[in-house]
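Below, chains carry the letters A, B, ... as their sequence lines are ordered, and counting in each starts from 1.
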Amino acid sequence: MAKNFSTREENYSQWYNELVVKADLAENSAVRGCMVIKPYGYAIWEKMQAALDKMFKETGHENAYFPLFIPKSFFNKEASHVKGFAKECAVVTHYRLKTSDDGKDIVVDEDAKLEEELIIRPTSETIIWDTYRKWIQSYRDLPILINQWANVVRWEMRTRLFLRTAEFLWQEGHTAHETSQEAVKETLTILDIYAKFAEEWMAVPVLKGLKSQSEKFAGAIDTYCIEALMQDGKALQAGTSHFLGQNFAKAFDVKFLSKENKLEYVWATSWGVSTRLMGALVMAHSDDKGLVLPPKLAPIQVAIIPIYRKDEQLEEISEKVRVIKARLEAKGISVKYDDRDTYKPGWKFSEYEFKGVPVRLALGPRDLENGTIEIARRDTLEKEIISIEGVEDIIEKLLAEIQENLYAKALDFRKNKTFSVDTWEEFKMQIEKGGFVMAHWDGTDETELKIKEETKATIRTIPLNNPQEDGRCIFTGKPSKERVVFAKAY
RNA sequence: CGGGGUAUAGCGUAGUCCGGUUAGCGCGCCUGCUUUGGGAGCAGGAGGUCGAAAGUUCGAAUCUUUCUACCCCGACCA
């Protein structure tokens, strides 16, 4: 495993790959650019799903499901949308296989060609808006607040574990509203949910803001995002919420009769987060010993390891553990008692460190004698011997402390990696070092593109509630009213 | 799609230039004994169409041709 990964950007990918495979999170599958997510990794995803789903429902959203296949013609309808996705679509052209003439192979049956090709959804705006047209007639049918948990496929030229895979799991929300204001409000409500989830559950601080026009979603009026900073100084877009205006309503002819008895186009939003969040989780907290998971998302919060020589000792230890385990579980803490006799304690210690289990307990003969237990925390790697009495209360507090500590550490890291610069020379130098670089920009796509060409840095976001100040664009020297956030990104 | 590289056991690899015993090694796996407070030790064992196909040759992991897959760089990318 690479050492000092946070400072060795060039080896990062390799490090990450090894870590993830060793940590039992996921591995590359035989299918190009797709992932096999192992049970332990999937358990993290399930925890993320549960937390997000709850927040969506608390804000009035419902889950539904739409088809995986989208008729090709649907993509013709919104010009900028098709432009954004056309180059990365998987297309279904046939519906049958047959044995080849020489009997040796299975081949596509050319007679079974589809009249119209089907696109495997890269995102579901088109098929959902085609459906919404049938659901919406009057203002009484609005708003529609629907979320879908699904997989999507984007045939990326180059993939990267968790961050850009050909198939990925996500949730996509698609809402329909009477007014522009209501839709914008929805977009921001979701942005707040995403930020809250990232910070309170993942312990990853994020910047909330607006994307520049060139970085926005294909088909959106405005794209809002949460932007996180990884330990190697690169930025990661962790979630997006789009105000779609009436673009899709017009493309799919979705109109409603208003209270004023006028026929109007519906206002729309869409928003999503994906398994990329798991990449963010790994890259934000992990160290050279493996994953570090925030307690709120850890599938196993406490691992207990017995240390023994003889079976009688194990029995005695197990008896004690049963009591501790029951008390922890009564507090809603997930516990794994690893009494396998096929692995030794040292092996298990390492395994749970790889897996990022926040708290580890070890109980051996010495502890039985003294009425103690060894408690170790993953985030700081500290361990101490404490009295076994009331250990469940200590663990409960410790889990909360670890959750806070991870966030504080990540926030501190981001503060130290955020810089304000005012000249082009400073900018180029700082971008090379990584981190968020706050700089003035003249607001044009052209300048943004040139900066990207020269430095590979992009505008990650224009923060919400951004302080207004007079300045000059670092590239063109033209006047500017606010700083925007530049960084190299994944 | 352009440029470069790689393909040998579950994983990592040696051997390829210069063809020649039964394709070697480490990790992992299996069995036994000893071990168990930070990834145990010793002994024995199993596991290979050398990416695929065709060719050259007495003989091919090694040479030739074609194909396929993967990796890196670029283009591309909410």
Side-chain angles (χ1 to χ4, degrees), chain A residues 1 10-11 13-14 17-18 21-22 27-34 80-81 83-89 104-105 122-123 125 152 154-161 163-166 168 170 172 194 210-220 222-227 235-244 270-274 276 289-290 305-311 313-314 317 338-355 360-370 372-376 381 383-385 452-453 456 458-461 489-490:
Chain A
M1 194 180 296
E10 71 275 13
N11 285 334
S13 179
Q14 180 63 24
N17 222 304
E18 278 188 50
V21 173
K22 280 187 184 164
E27 61 185 17
N28 289 310
S29 86
V31 183
R32 179 199 172 276
C34 296
S80 59
H81 188 67
K83 198 162 166 271
F85 287 103
K87 284 179 220 160
E88 51 183 47
C89 286
K104 283 183 181 166
D105 246 329
T123 178
E125 272 79 5
V152 288
R154 296 178 188 178
W155 213 260
E156 302 287 356
M157 298 241 174
R158 182 182 279 162
T159 58
R160 186 166 213 158
L161 205 59
L163 302 184
R164 188 174 295 113
T165 45
F168 56 93
W170 76 344
E172 48 179 327
Y194 286 163
L210 197 61
K211 281 287 178 196
S212 68
Q213 289 300 299
S214 68
E215 292 269 330
K216 74 180 182 183
F217 173 71
D222 281 319
T223 288
Y224 294 86
C225 64
I226 53 170
E227 204 71 23
L236 183 73
Q237 178 175 304
T240 47
S241 183
H242 315 289
F243 171 58
L244 302 175
S270 71
W271 28 275
V273 293
S274 71
R276 172 181 270 198
K289 286 186 180 294
I305 296 163
I307 294 158
Y308 62 97
R309 277 170 206 253
K310 297 169 188 155
D311 284 351
Q313 282 177 329
L314 176 62
I317 291 166
D338 189 348
D339 61 351
R340 288 176 296 179
D341 61 359
T342 45
Y343 292 99
K344 294 175 55 180
W347 196 95
K348 292 175 188 173
F349 291 163
S350 297
E351 173 167 13
Y352 293 109
E353 268 163 21
F354 265 135
K355 290 191 165 183
R360 186 189 68 229
L361 299 175
L363 195 65
R366 245 164 27 213
D367 297 303
L368 290 180
E369 252 175 60
N370 305 333
T372 57
I373 194 161
E374 184 188 272
I375 182 165
L381 294 168
K383 56 183 180 181
E384 57 178 322
I385 311 281
K452 185 180 175 180
E453 279 170 2
K456 292 193 175 174
T458 49
I459 296 174
R460 302 318 303 158
T461 192
Y490 276 102

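A donor-acceptor contact under 3.5 Å is not formed by the side chain of R276(A) with the base of A78(B). For E351(A) against G39(B), no side-chain N or O and base N or O form a donor-acceptor pair under 3.5 Å. Not a single donor-acceptor pair, N or O on each side, falls under 3.5 Å between the base of G37(B) and the side chain of K344(A). In terms of polar N and O atoms assigned as donor or acceptor, the side chain of R360(A) comes within less than 3.5 Å of the base of G38(B) in a complementary pairing.
Contacts of W170(A) with the nucleic acid, taken as non-hydrogen atoms under 4.0 Å apart, include base atoms. Using a 4.0 Å heavy-atom cutoff across all strands shown, Y352(A) reaches no nucleic acid atom at all.
Taking atom P on both A46(B) and G26(B), the two are 15 Å apart, rounded to the nearest angstrom. Atom P of A7(B) sits at a distance of 8 Å from the matching atom of A14(B), rounded to the whole Å. G24(B) sits 14 Å from U16(B) when the C1' atoms are compared, rounded to a whole Å. U6(B) and U13(B) have their C1' atoms separated by 13 Å, with the value rounded to a whole Å. Taking atom C1' in both G20(B) and G59(B), the straight-line distance is 7 Å, to the nearest Å.
Contact annotation: the side chain of K289(A) approaches that of L381(A) to within less than 4.5 Å [non-hydrogen atoms, C-beta and beyond]. When side chains are defined from C-beta on, L363(A) does not count as touching E374(A), because their heavy atoms never get closer than 4.5 Å.
Between I317(A) atom CD1 and G37(B) atom C1' there is a gap of 11 Å when expressed in whole angstrom units. For I305(A) and G39(B), the CD1 to C1' distance is 11 Å, given to the nearest whole Å. Spacing between atom CG of L363(A) and atom P of G37(B) amounts to 14 Å, rounded to whole angstrom units. At whole-Å resolution of the value, CD in E453(A) and P in G74(B) are 14 Å apart. Atom NZ of K216(A) and atom P of A78(B) are 13 Å apart (whole Å). For W347(A) and G41(B), the CH2 to P distance is 15 Å, given to the nearest whole Å. In this entry the distance linking CD of E353(A) with P of G39(B) reads 11 Å, nearest Å. Q313(A) places its CD atom 10 Å from the P atom of U36(B), with the value rounded to the nearest Å.
Taking only side-chain atoms of S350(A), from C-beta outward, the nucleotide of A78(B), G38(B), G37(B) with the closest atom is G38(B). The side chain of F354(A) lies closest to G39(B) when the candidates are C77(B), U36(B), G39(B). Closest to the D367(A) side chain, of the nucleotides A78(B), G37(B), G39(B), is G37(B). Among the nucleotides G37(B), C77(B), A78(B), the one closest to the side chain of A362(A) is G37(B). Set against A78(B), G37(B), C77(B), the side chain of I307(A) has G37(B) as its closest nucleotide.
Where K452(A) and R366(A) each meet RNA chain B at their nearest nucleotide, the meeting point lying more 5' is that of R366(A).
Of the side-chain N and O atoms in K456(A), one or more sit less than 4.0 angstrom from OP1 or OP2 of G74(B). The side chain of R309(A) places an N or O atom within less than 4.0 Å of a non-bridging phosphate oxygen (OP1 or OP2) of U36(B).
When only modelled atom types and interatomic distance are considered, E227(A) and T461(A) share no side-chain donor-acceptor pair under 3.5 Å.
For the pair E353(A) and K348(A), the salt-bridge criterion is not met [side-chain N within less than 4.0 Å of a carboxylate O]. Electrostatic pairing of E351(A) and R360(A) does not count as a salt bridge here, judged by no charged N lying under 4.0 Å from a carboxylate O.
With a 3.5 Å ceiling on both atom-pair distances, the Watson-Crick or G-U wobble partner of G24(B) is U13(B).
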- request: Using the ring-ring contact (aromatic ring centres under 6.0 Å, His included) rule, take W347(A) and F349(A) through it: C-alpha gap first, then chi angles, then the decisive distance, then the call.
  value: CA-CA 6 Å; W347(A) 196 95; F349(A) 291 163; over 10 Å; no
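Ring orientation note: the planes of Y194(A) and W271(A) are nearly perpendicular, at an angle over 60° on the 30°/60° scale.
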